[in-house]
Amino acid sequence: MARYIPAEIERKWQDEWEADATFRACHDPARPKYYVLEMFPYPSGRIHMGHVRNYTMGDVVARFKSSCGFSVLHPMGWDAFGMPAENAAMERGGHPKDWTYGNIADMRAQMKPLGLSIDWSREFATCDPEYYGQQQAMFIDFLEAGLVYRKNAVVNWDPVDMTVLANEQVIEGKGWRSGAPVERRELTQWFFKISDFAEELLDALDGLENWPEKVKLMQRNWIGKSRGLQMAFGLADGPEGFDRIEVYTTRPDTLMGASFLGISPDHPLAKALEDGNPEVAAFCAECRRMGTSEEELETAEKKGFDTGLRVRHPFDPEWELPVYIANFILMDYGTGAIFGCPAHDQRDLDFARKYGLDVIDTFVALENGQPVGAEAFVPPKTEKVRWTKPFAWDEVASGEEAIDAAIRHCEAQGIGEGVTKFRLRDWGLSRQRYWGCPIPVVHCDACGVVPEKKENLPIELPYDEGGKPIDFSIPGNPLDRHPTWRDCACPSCGKPAKRETDTMDTFVDSSWYYARFTAPHAATPTDRAEAEYWMNVDQYIGGIEHAILHLLYSRFFARAMQITGHLPSKAIEPFDALFTQGMVTHEIYESKGLRKSRAKDGSEVEIAFDQYYLPEDVVIAEFGGERSAVLRSEMVADGLDPSNPQHVKDYLDVLDRSQIKITPSAKMSKSKKNVVDPVSIIESFGADTARWFVLSDSPPERDVEWTSAGAEAAHRHLGRVWRIANGIAEEMGQGGGVAAYESEGEGAASTGGDDLTLRRALHKTIHDVTMGIESFGFNTSVAKLYAFTNVLAKSTASLPARREAAMVMAQLMAPMTPHLAEEIWDMLGGAGLIARAPWPKADPALLVEDTVTLPIQINGKRRSELRVPKDMSAEEVEKLVLADDAVAKALDGGAPKKLIVVPGRIVNVVV
RNA sequence: GCCCGAGUGGCGGAAUGGUAGACGCAGGGGAUUCAAAAUCCUCCGCCGCAAGGCGUGCGAGUUCGACUCUCGCCUCGGGCACCA
């Protein structure tokens, strides 16, 4: 008996698609286009289930839209610059370029068997000089358009390795390799002027109707538009040149509750005080011994240093406030100085309690308003409160009203100015690293900073150094110590000059790749006609972790590219629709143990360790509802067969079952070894099973848990579908083969009885599956296909009706399990490739039911039901309801208090 | 710490404010088989013999009716500007 053999089927159809160039994107003005893009991968060398899920979702959309008549662009590339390549070179030797391209080749080879409808002719990697050369050209255009500038910014500095560290390389305030406490250090760096676009980037979010609300909200908060008051506090006894401190506040209404002034350790005044005061210097140095991440600053213990300086309150010259240097105040937000109002800000309150400062209430709750105790009183700004110290508004007013009045009052008094500020900072793109796109400028003693000539692009990364491979074991940036690469002629005056040795943040690479895919080998960054046809990305799919930075930077880049003529204005928002998919998770197998190690004094010690095991290395068995895991290798060593459930049970009976702990699912990660290799899944079950599984069960936006039972079930189901189709094909063979059915045409299935029942179910399925795909409800589409398979398997309809049903079902499955779908289409005599067949349409006449089951609720609980014609009037329904046994019993002779009839839906009797 | 999500049977989940638990997994029972695998049929939220009662993280509220809307909590996850 023939059976479903994915390995044969999948290879065969992938070859057919290749020969047919089915997925080659065609610039066809006669057809509407559809651009599907998944966030491109970092070439780590191995694909993981998260990739499979991401690309399968995109593939479903791409294949579906193609069937619907669109000219589809579905490309793939590699986000290939970044730290891991350099880290690998440091740890294992070799060159980042070789490592990266090797990984790309490996990953492409792992990805191809998935049968994705990708136009591989457009593939590129961001580390291709062809790509980053165009990026350099754009950088020069941006520079000329005033979108790039240089300024000082702080970095994490490892004083031992003498190198800049990424935030993730700072662990508990120490460098990951050297273990030395990290310092903040200022460097001159390149910045994109994204803050100029803050307002525009914020406003344009409203137009992104097909983006998730949560992503838009995160971006809104990130951009952080605020209206506040900028004002100055007069400084009585400041050092030379400091007679006032500029403060920005979003709560000018709480000015009367001010009890201290705080300035950033990086504030010019703090720096001036450092010079003459070792204590100040020590405190500031301590503050600088922290990483640069906001998270670290915010979670660190709040500390302040009383400078001894006093400022005068603007409303009362007699009222003096102390000036503190505080470690939680950021220099790059606002003016780097704040006034603290402890009563209405928790952080300020904690600070005030710690340093014994006043807590002055400026307002209390309307109802039983109490003075502030351990918790700051911070009601929503829209809530009315009772003011104890209003200075320009009524005693009862909301925070919002008070803020507006306070700003007007201060402006009128000449105390300050109402200003709008954004939290969004300019995008620092300089990286002091090798494996990135070189910034194409030259530093000339005579001419200053000069952009490289475009004809000299790309400025390629040097592969060797003085004829020898670059040594990555030395910390720091190899470009910085590479004389022949670094030394060059000034593009302007021709005198000896030095190249910029900073490379670009990898976010730059990923901020325009979507545009490059429209013309991947053009001699300019984009090709106008191609961009005009293909942009925008109609559906972008990726992880929620990119909700802010990558997506915001891409939106900025689209604007900058439009200004510099590289994108049409319609592409100002490059992604029409966004979908953020969840992760793939797996449970964790972990055992605690002891390991021998060497202590500092050289003696041998035993330390506890966590050992993790790969899912493929353990066998799971269940005892009375409790699941236990055992190592495969241990069973084999004891002469037992891990595939025999009885052996596993027997083995576990004599074993301490707590040896391997099964801990709940988490994102698949190498360190926890809770990973399932897509390659081995494809080898044992086939790509269609992997694809079907990642689409089923969980809604796409949520995490999906990989379970071997789930994968087996998916595989079983596909085998069942194959068998049903094969059975129909065999029946057809007995009845004269495909030709006999072709000639009979569509009328072959009869229009009544079992055939009609099957067709009704089929058309309902067409409708539901289509809706599911269109709304990213792939899991419900899968469920509807399961249900229809059950119907078809049990159907006693005529052979032509069942053939039609199986073929349409194959079409509905084609976006998800394309190989199996082609195979079924072929065995049932479908014409051409299913990938090129038009999407089936549901016949509305077959979707309507003439009678419905109306549930009857009594007091909101379902108690009975009624079978009535779909369009029966409410009055008639009421009569039937009152005659119902359950209703009569509940009414007990009385009349209902209320009777709600929702026609065609439900009835509720209130008694 | 700040910002954003998510919580439904033993498990993954379904459900335009209208029958909570579709579909799948696991589990029980049966058929087929010398036997097993595979396959097919069937049962399956919890408590209860039953009648019935209870059930969508917890606590309130709106509504004839709430998984769905509002408010307050709890737990878990994502982001926090040099991981990509």
Side-chain angles (χ1 to χ4, degrees), chain A residues 3 39-42 44 79 81-84 155-156 164-170 194 212-215 217-222 224 291-300 302 328 332 346-347 423-433 505-507 509-510 543-550 552-553 580 582-583 585 622 625 627 664-667 696-699 701-705 707 709-710 712-714 716-717 719-720 723 777 779-780 782-787 789-790 793 853-857 859-865 896-900 902 905-910:
Chain A
R3 51 188 195 97
M39 291 180 184
F40 66 169
Y42 179 79
S44 62
D79 189 12
F81 276 135
M83 292 200 311
V155 292
N156 299 307
V164 177
L165 299 178
N167 282 339
E168 73 159 6
Q169 296 174 318
V170 180
I194 190 172
E213 269 318 308
K214 62 175 170 183
V215 172
L217 191 56
M218 282 194 251
Q219 293 215 353
R220 276 189 197 106
N221 289 335
W222 187 259
T292 57
S293 76
E294 184 174 322
E295 186 189 0
E296 204 181 328
L297 294 179
E298 290 281 338
T299 51
K302 309 291 180 289
F328 56 88
D332 6 327
Q346 191 58 45
R347 194 168 57 182
R423 203 183 78 99
L424 180 67
R425 309 200 293 257
D426 277 333
W427 170 12
L429 68 117
S430 288
R431 297 292 179 270
Q432 294 71 37
R433 274 183 253 290
D505 177 8
T506 55
F507 273 124
D509 312 331
S510 57
I544 185 70
E545 66 272 21
H546 295 291
I548 299 174
L549 293 179
H550 162 63
L552 193 61
Y553 290 159
T580 53
M583 301 177 301
T585 63
E622 208 166 315
R627 300 171 69 241
S665 275
K667 179 178 180 170
S696 59
D697 287 356
S698 286
E701 67 274 15
R702 245 192 268 173
D703 294 349
V704 66
E705 162 139 340
T707 60
E712 280 154 22
R716 241 183 352 249
H717 177 74
R720 185 173 182 224
R723 275 195 309 279
N779 56 324
T780 57
V782 167
K784 300 291 182 187
L785 284 163
Y786 266 108
T789 307
N790 290 336
T853 304
L854 224 48
I856 300 175
Q857 293 184 332
N859 290 337
K861 294 258 176 210
R862 183 185 175 282
R863 286 290 182 259
S864 183
E865 62 182 35
K897 265 194 205 152
K898 210 165 186 177
L899 186 57
I900 292 124
V902 186
R905 272 260 166 237
I906 203 165
V907 179
N908 193 8
V909 187
V910 186

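Here is the naming used below: chain letters follow the sequence lines, and residue numbers restart at 1 for every chain.
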Short side-chain N/O contact from A:Arg702 to OP1 or OP2 of B:G77, under 4.0 Å: no

Taking every non-hydrogen atom, the tightest pair across A:Leu424 and A:Leu552: CD1-CD2, 3.8 Å

A:Asn167 vs B:A81: side-chain N/O to OP1/OP2 distance below 4.0 Å: yes

Minimum-distance nucleotide (side-chain atoms of A:Glu168 versus B:G78, B:G5, B:C83): B:C83

Euclidean distance, atom CG of residue A:Leu549 to atom P of B:G78 [Å, nearest integer]: 16 Å

Residue list, side-chain hydrogen bond (donor to acceptor under 3.5 Å, both in side chains) with A:Ser864, at least two apart or on another chain: A:Asp884

Spatial distance of atom OG (A:Ser696) from atom CG (A:Leu785) [nearest 0.5 Å]: 11.0 Å

Watson-Crick or G-U wobble mate for B:G65, both contacts under 3.5 Å: none

B:C46: pairing nucleotide in any strand, Watson-Crick or G-U under 3.5 angstrom: B:G53

Touch class at under 4.0 angstrom, heavy-atom based, for A:Leu424 against every strand present: base

Shortest side-chain distance from A:Tyr786, nucleotide among B:C23, B:G65, B:A14: B:C23

Interatomic distance where CG belongs to A:Asp697 and C1' belongs to B:A14 [whole Å]: 11 Å

Identified pairing partner of B:A60, criterion: Watson-Crick or G-U wobble below 3.5 Å: B:U70

Sugar-phosphate only, base, or nothing, as touched by A:Pro699 at under 4.0 Å among non-hydrogen atoms: sugar-phosphate

base_contact_polar (B:C3 base, A:Asn221 side chain, donor-acceptor, <3.5 Å): no

Proximity to the side chain of A:Ala709 - top-ranked nucleotide from B:C25, B:C83, B:C23: B:C25

Distance between C1' atoms of B:G29 and B:C44 (Å, rounded): 11 Å

Touch class at under 4.0 angstrom, heavy-atom based, for A:Val907 against every strand present: nothing

Syn or anti conformation of B:G9, syn meaning chi within 90° of 0: syn

C1' atoms of B:U16 and B:C11, separation to the nearest Å: 29 Å

Sugar-phosphate only, base, or nothing, as touched by A:Gln432 at under 4.0 Å among non-hydrogen atoms: base

Pairwise P distance, B:G27 and B:C34 [rounded to whole Å]: 26 Å

Sugar-phosphate only, base, or nothing, as touched by A:Arg220 at under 4.0 Å among non-hydrogen atoms: nothing

B:A20 and B:G55, which share atom name C1', separated by this distance in whole Å: 9 Å

side-chain N/O A:Arg716 vs B:G24 OP1/OP2, d < 4.0 Å: no

G-U wobble or Watson-Crick pairing nucleotide for B:C2 (cut-off 3.5 Å, both distances): B:G79

Counter-base of B:C23, judged by Watson-Crick or G-U geometry with both distances under 3.5 Å: B:G12

Distance between P atoms of B:A22 and B:G10 (Å, rounded): 14 Å

Heavy-atom closest pair, residues A:Ile900 and A:Val910: CD1-CG2, 4.5 Å

Sugar-phosphate only, base, or nothing, as touched by A:Arg347 at under 4.0 Å among non-hydrogen atoms: nothing

Derivation of the side-chain contact (heavy atoms from CB on, under 4.5 Å) call for A:Asn167 and A:Glu294: CA-CA 10 Å; A:Asn167 282 339; A:Glu294 184 174 322; over 6 Å; no

Touch class at under 4.0 angstrom, heavy-atom based, for A:Ile900 against every strand present: base

Whole angstrom value for the distance that separates P of B:C83 from CD1 of A:Ile548: 14 Å

Touch class at under 4.0 angstrom, heavy-atom based, for A:Ser510 against every strand present: nothing

Shortest non-hydrogen contact between A:Pro896 and A:Val909, atoms and distance: CB-CG1, 3.8 Å

From B:A20, B:C80, B:C4, nucleotide with atom closest to A:Arg862 side chain: B:A20

Sugar-phosphate, base or nothing in reach of A:His550, heavy atoms under 4.0 Å: nothing

Basic-acidic side-chain contact under 4.0 Å: A:Lys214, A:Glu701: no

Separation of the P atoms in B:G59 and B:G77, to the nearest angstrom: 24 Å

Sugar-phosphate, base or nothing in reach of A:Val902, heavy atoms under 4.0 Å: base

B:A26 to B:U19 separation - C1' atoms, rounded to the nearest Å: 27 Å

Sugar-phosphate only, base, or nothing, as touched by A:Trp222 at under 4.0 Å among non-hydrogen atoms: base

Nearest atoms (heavy-atom pairs only) where A:Phe507 meets A:Trp427: CB-CZ2, 3.6 Å

Pairing partner (Watson-Crick or G-U wobble, both distances under 3.5 angstrom) of B:A31: B:U39

Length of the line joining A:Gln857:CD and B:G65:P, which is rounded to integer Å: 10 Å

Heavy-atom pair of closest approach, residues A:Leu854 and A:Ile906: CD1-N, 3.8 Å

Any A:Ser698 side-chain nitrogen or oxygen under 4.0 Å from OP1 or OP2 of B:G12: no

B:A15 to B:G65 separation - C1' atoms, rounded to the nearest Å: 15 Å

Sugar-phosphate, base or nothing in reach of A:Gly82, heavy atoms under 4.0 Å: sugar-phosphate

Comparing A:Leu165 and A:Thr299 on RNA chain B - which has the more 5′ nearest nucleotide: A:Thr299

Between B:A20 (C1') and A:Lys861 (NZ): distance, integer Å: 10 Å

Spacing between A:Glu295 atom CD and B:C83 atom P, to the nearest angstrom: 12 Å

Heavy-atom pair of closest approach, residues A:Ile194 and A:Asp426: N-OD1, 3.1 Å

Under-3.5 Å donor-acceptor pair between A:Arg905 side chain and B:U16 base: yes

RNA chain B: 5'-proximal contact among A:Thr853 and A:Tyr553 (nearest heavy atom): A:Thr853

Length of the NZ-P vector between A:Lys302 and B:C2, whole Å: 9 Å

A:Glu545 side chain, from C-beta outward: closest of B:A84, B:U19, B:C23: B:A84

Sugar-phosphate, base or nothing in reach of A:Val164, heavy atoms under 4.0 Å: base

Interatomic distance where CG belongs to A:Asn859 and C1' belongs to B:G52 [whole Å]: 16 Å

Sugar-phosphate only, base, or nothing, as touched by A:Ala547 at under 4.0 Å among non-hydrogen atoms: nothing

Short side-chain N/O contact from A:Ser696 to OP1 or OP2 of B:G24, under 4.0 Å: no

Under 4.0 angstrom between A:Lys898 side-chain N/O and B:C64 OP1 or OP2: yes

